[in-house]
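Input: a single structure, listed below in structure tokens.
Hydrogens, waters and symmetry mates play no part in the numbers below; they use all other heavy atoms, side chains included. Chain letters run A, B, ... following the sequence lines, proteins first and then strands; every chain starts at 1.
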Amino acid sequence: MHHGGDIDPRMEALLKDLTGTQREAVLQTEGPLLVLAAAGSGKTRVITRRIAYLIHCGVPPWQILALTFTNKAAGEMRERVYSMLGGHSEENRATRGLTITTFHALCARLLRRYAVPAGLKPDFTIYDTDDQSAVCKKAIEACQLSSSNFPPRSVLAAISKAKNELLDAEGYAAQAREWNSKNIARVFKEYTRLMRHANAVDFDDLLVLTARALKDNADVRAECQSRWRYLLVDEYQDTNHAQFVIASLIAGGTSLPARDQLPQPPDSPPPEPEPSAPRGPNFCVVGDPDQSIYGWRGADISNILEFEDHYPGCRTITLGENFRSTAPILALADTLIRHNKRRKHKPLFTSRTGGDKPQAVLCREEGHEGLLVADWLKARHEHGVAWRDMAIFYRTNALSRVMEEAMRSAAIPYTIARGTAFYDREEVRNAVAYLRSVANPADDISLSRIVNTPSRGIGKTSLDALEVHASREETTLLEALRDASSVATLGPRAAPAVAKFVAMLDSWTGGGSFMGALVPGTLTDLVDRIVRESGLRDMYVKQAKTSGSESDAERVDNLDELVSSAHQFELEYDPTADAALNPPPGAHPDLVIETPPLLALLRAFLESIALVADADAVDPAQGSVTLMTLHAAKGLEFDSVAMIGLEEGMLPHARAVEGLGGDGDLEEERRLCFVGITRAMRRLLITSAKYRTHRGIPNRTMPSRFLAELPEQSLAISDQSGDFDDFEGGTSLPTRVPGVPSGLSLPTRVPGTPFQVGTLVRHPQFGLGEITAITPGSHARATVKFKDLGTKTLVLEYARLTVVR
DNA sequence: GTTGCCAAGTTTTTT
DNA sequence: ACTTGGCAAC
């Protein structure tokens, strides 16, 4: 970069309040750069300043590509960069053409542009998990396999795993050895055939097909490489092989670094660096190997661990200073993560002093654990910490239930961060299926979903006949519908119903051309008309009237909300900013495709729906404690954090432990634990229960090995589980987290009943037992240790318990 | 075409 | 224990 003379004041503003290493990471604009950003080290700040700095140095914004994994991350990054550069608008030269997006969104756009070389039609539909499993079921059926031997879920998992490794159906078949994988290979082939036939892709295909296009098509590669001169990838530790290939190929070169060049003849010299790029491409990756927790989804931690080998000219900058947590919390995290072997060690330090030692408590069972956590949170609240600044983390969603109950009976406001996405609701999915059928006439899955929703006299029998016809004629379902008169097996009542349905679709699309006087003029019109004229809206209105239930009324609201989100999308849609529709100067003319504007808009809308999970669902709640999985916690921070369920089989999860020497997965579990710890700013509580009821069966547990890895000097462990094994003992235990002053203690009786801890009771089925714990509230529960059958937790209302003594 | 019952499967889930 | 999906009967 060329900057002589005076320091520009705006540049100065960009660099101020950055630490030395942060500043280096911003200033090192050229060549490959690995930024190892520890938790809480100001990573986002560095990335956004870096982008702003590049632009400030005169790099045209359209030459910059920043890739993230989530829409949320991309949105935040975009917003911060825009605000640094004077806002975003079409006129703002400073940001025009800048691409900050997710891998999947980038791929979707590239594939629209390069549909033909990628073997697709540009109006392809993106199938979500539900659609995928519908297709998978069909494929399993077509292969004449039983879905009980080949559950779609696990078949899809196998297919996805293969795709992450860039293995296609043929490649998978070639390496399949045993009966099981050979059959999966058959399903894989059929699945792929059905997907292409429906002109549909799944999430993995977005990556796979893009990677393949970049690999195999020199024009595509050249165009991307010449457009994007500065590439930045966030959370690089989470990239899978396909993403690695995409990023590497966009970054530069015609072949891939390291891995894909192997095996090499042992005597061949290392490839010469390209003369135009003495140090390598301007490829900056940011991440933290210690926070790689998506290996099970195909993320390959080697990508970041081996980045320096892939790019020998690479510079590495480590951001180790933590601005989030107190020293004792950091020390704890550091002690834990040092037990991992496969990592790059980096110092974790803070210049802050003071802070409380994290606490661990061994509890009796989950009810006890819930009470302890509730008391702890209450104590924190009394110390002036707002509810919204506290969180409870757990390994699996199943653990949330007990915590919910504990929060409810302690009257602590809470919200559970699990995305029940807007677009997953049945009514919205139905409306979207209409839109997809309109946008992609080959989308048989969507069409079959709506052909009789609401009922219009085209039942299962008719649909089957049409599907058979379609596959015999090797056409789409829609073509079969158009051809209904020649389908002999179709009933006399069904035929006119089908014709009417086809006429309705045509009235929205102008017969597919999206032209004509009767075709809706705007996307909002289109969505609104479809929702109404399809009868979908009326169907839910009617349902709401008859059932009177609130959830049915909500469905109508959701449909209306879909219309307004279409409106919103239309207002914000900026075709000039669409990388796919607007190739840079010099783009290969064969690769440019004309599209009717309304169809382009509809496609873009559908794409945003497919690629945008529920945006607001993950937002930290206002005014309430957040309950979430450890995975969901990544990237967030809270003043006070409670991590529960640190037991063998739970946090390291049983699935990660079982395989012989499956140490790789165990390290991921440890990283998960590390992620949890490093979310805490000031206070951390870790709990482990001696007994945990799982699927209705109480099990004795063992404390997590991770607890054993944390010495007393960095973690205050207190055993409150008492002599729980002892039938006589068990009742007079300390029930507080040490240092939590309030006299809150375990309830020992349920008001208004004879039941209290210690009561001997008889159950009609389970026989004689003793109450060992009580949870009061509207559905009061008692934990009863039965003489013969072990411990069970019963709802007093329903369990027919009689008092013996 | 709709409702209701039984059976099966339950780690995590950025897109 | 609990949800969900497939199938059978009305």
Side-chain angles (χ1 to χ4, degrees), chain A residues 67-75 101-108 126-130 132-134 137 147-148 151-154 156-157 160 163-164 201-207 234-235 237-240 242-243 291-299 393-402 417-419 421 423-424 452-463 543 607-615 617-618 628-635 645 649-658 665 668-669 671-673 675-676 693-698 781 792-795 798:
Chain A
L67 293 175
T68 65
F69 281 83
T70 68
N71 292 298
K72 196 175 159 227
T101 188
T102 64
F103 269 101
H104 287 84
L106 174 80
C107 290
I126 300 168
Y127 275 3
D128 64 21
T129 327
D130 266 30
Q132 278 188 68
S133 82
K137 276 175 203 160
S147 63
S148 53
R153 244 182 92 86
S154 58
L156 278 173
S160 177
K163 285 185 180 175
N164 285 160
V201 298
D202 61 28
F203 287 130
D204 297 323
D205 287 334
L206 290 172
L207 304 176
D234 190 18
E235 305 280 21
Q237 78 281 355
D238 288 335
T239 47
N240 63 26
Q243 287 159 330
Q291 294 185 66
S292 161
I293 56 175
Y294 285 102
W296 53 275
R297 252 179 140 260
F393 301 155
Y394 34 79
R395 174 68 233 262
T396 68
N397 281 308
L399 292 193
S400 74
R401 186 164 230 102
V402 195
R418 78 167 106 62
Y423 295 108
D424 279 347
N452 202 36
T453 310
S455 313
R456 47 172 72 89
I458 312 170
K460 194 177 182 319
T461 325
S462 313
L463 183 58
Q543 257 180 43
E607 187 177 297
S608 80
I609 288 174
L611 297 180
V612 174
D614 206 8
V618 195
M628 63 177 114
T629 62
L630 285 162
H631 283 90
K634 196 176 112 180
M650 202 72 236
L651 192 43
H653 195 274
R655 297 268 186 129
V657 182
E658 47 195 8
D665 282 341
E668 181 152 312
E669 298 292 305
R671 292 194 290 268
L672 205 43
C673 189
V675 165
T693 304
H694 207 224
R695 292 181 215 160
I697 303 146
R781 282 147 203 271
K792 295 188 188 305
T793 301
L794 305 163
V795 178
Y798 309 118

Side chain of A:Arg153 only, heavy atoms from C-beta on: which candidate in B:dT15, B:dT10, B:dT11 is closest? B:dT10
Does A:Asp128 reach a base, just sugar-phosphate, or nothing at all? Heavy atoms under 4.0 Å. nothing
Which of the following nucleotides, B:dT15, B:dT12, B:dT14, is nearest to the side chain of A:Asp238? B:dT14
Closest approach of A:Asn71 to A:Leu611 (non-hydrogen atoms, all atoms of both residues): ND2-O, 2.7 Å
Looking only at heavy atoms, which two atoms of A:Arg297 and A:Asn164 are closest? And how far apart? O-OD1, 3.1 Å
At under 4.0 Å between heavy atoms, what does A:Lys460 touch on the DNA or RNA strands: base, sugar-phosphate, or nothing? sugar-phosphate
B:dT15 base to A:Arg297 side chain: any donor-acceptor pair below 3.5 Å? yes
All heavy atoms of A:Lys634 vs all of A:Ile293, minimum pair found to be CD-CD1, 3.7 Å
Separation between the P atoms of C:dG5 and B:dT12, rounded to whole Å: 16 Å
For B:dT14 and A:Asn71 - does any side-chain N or O of the residue sit under 4.0 Å from the phosphate oxygens OP1/OP2? no
To check you understand the geometry: which heavy-atom pair defines the closest contact between A:Asp238 and A:Gln291, and what is its length? OD1-O, 4.3 Å
Would you say A:Gln243's side chain and A:Phe103's backbone share a donor-acceptor pair under 3.5 angstrom? no
Treating A:Arg395 as the side-chain partner and A:Leu651 as the backbone partner, does any N or O pair qualify as donor plus acceptor under 3.5 Å? no
Determine the Euclidean distance between corresponding P atoms of C:dT4 and B:dT13; express it in Å to zero decimal places. 15 Å
Passing candidate, side-chain hydrogen bond (donor to acceptor under 3.5 Å, both in side chains) with A:Lys163, options A:Asp204, A:Asp205, A:Asn240: A:Asp205
Can you identify which nucleotide, out of B:dT15, C:dA1, B:dT12, has its nearest atom closest to the A:Arg395 side chain? B:dT12
For atom CD of A:Gln291 and atom P of B:dT14, their distance in whole Å: 17 Å
DNA chain B: 5'-proximal contact among A:Arg456 and A:Thr629 (nearest heavy atom): A:Arg456
Atom CZ of A:Arg695 and atom C1' of B:dG9 are separated, to the nearest Å, by 8 Å
A:Leu206 CG to B:dT15 C1', in whole Å, measures 8 Å
N/O to N/O distances under 3.5 Å, protein versus nucleotides 2-5 of chain B:
from, atom 1, to, atom 2, distance (Å)
B:dT2, OP1, A:Ser455, OG, 3.3

Going from OG1 on A:Thr70 to CD on A:Glu235, what distance comes out if it is rounded to the nearest 0.5 angstrom? 8.0 Å
Centroid under 5.5 Å and tilt under 30°, A:Tyr294 to B:dT13: no
Starting at CG of A:Leu399 and ending at C1' of B:dT10, how long is that distance when rounded to a whole Å? 13 Å
Among B:dT15, B:dT10, B:dT13, which nucleotide sits nearest the side chain of A:Arg655? B:dT10
Given B:dT11, is OP1 or OP2 found less than 4.0 Å from the side-chain N or O atoms of A:Asn397? no
Hey, does A:Phe103 reach any base, or is it just sugar-phosphate, or nothing, if we go heavy atoms under 4.0 Å? nothing
Pairs under 3.5 Å (N/O, protein and nucleotides 3-7 of chain C):
from, atom 1, to, atom 2, distance (Å)
C:dG6, OP1, A:Lys137, NZ, 2.7

Separation of B:dT12 atom P from A:Lys634 atom NZ, nearest Å, is 17 Å
Over how many whole Å does the gap from A:His694 atom NE2 to C:dC2 atom P extend? 13 Å
Looking at every non-hydrogen atom in both residues, tell me the closest pair between A:Ser462 and A:Gly457 and how far apart they are. OG-O, 4.4 Å
Using whole Å, report how far CD1 of A:Ile697 lies from P of B:dT10. 16 Å
Under 5.5 Å between ring centres and under 30° between planes: true for A:His653 and the base of B:dT11? yes
Rounded to whole Å, please give me the gap between CG in A:Asn240 and P in B:dT12. 21 Å
Donor-acceptor contact below 3.5 Å, side chain A:Tyr394 vs main chain A:Met628: yes
Less than 6.0 angstrom separating the ring centers of A:His653 and A:Trp296, yes or no? no
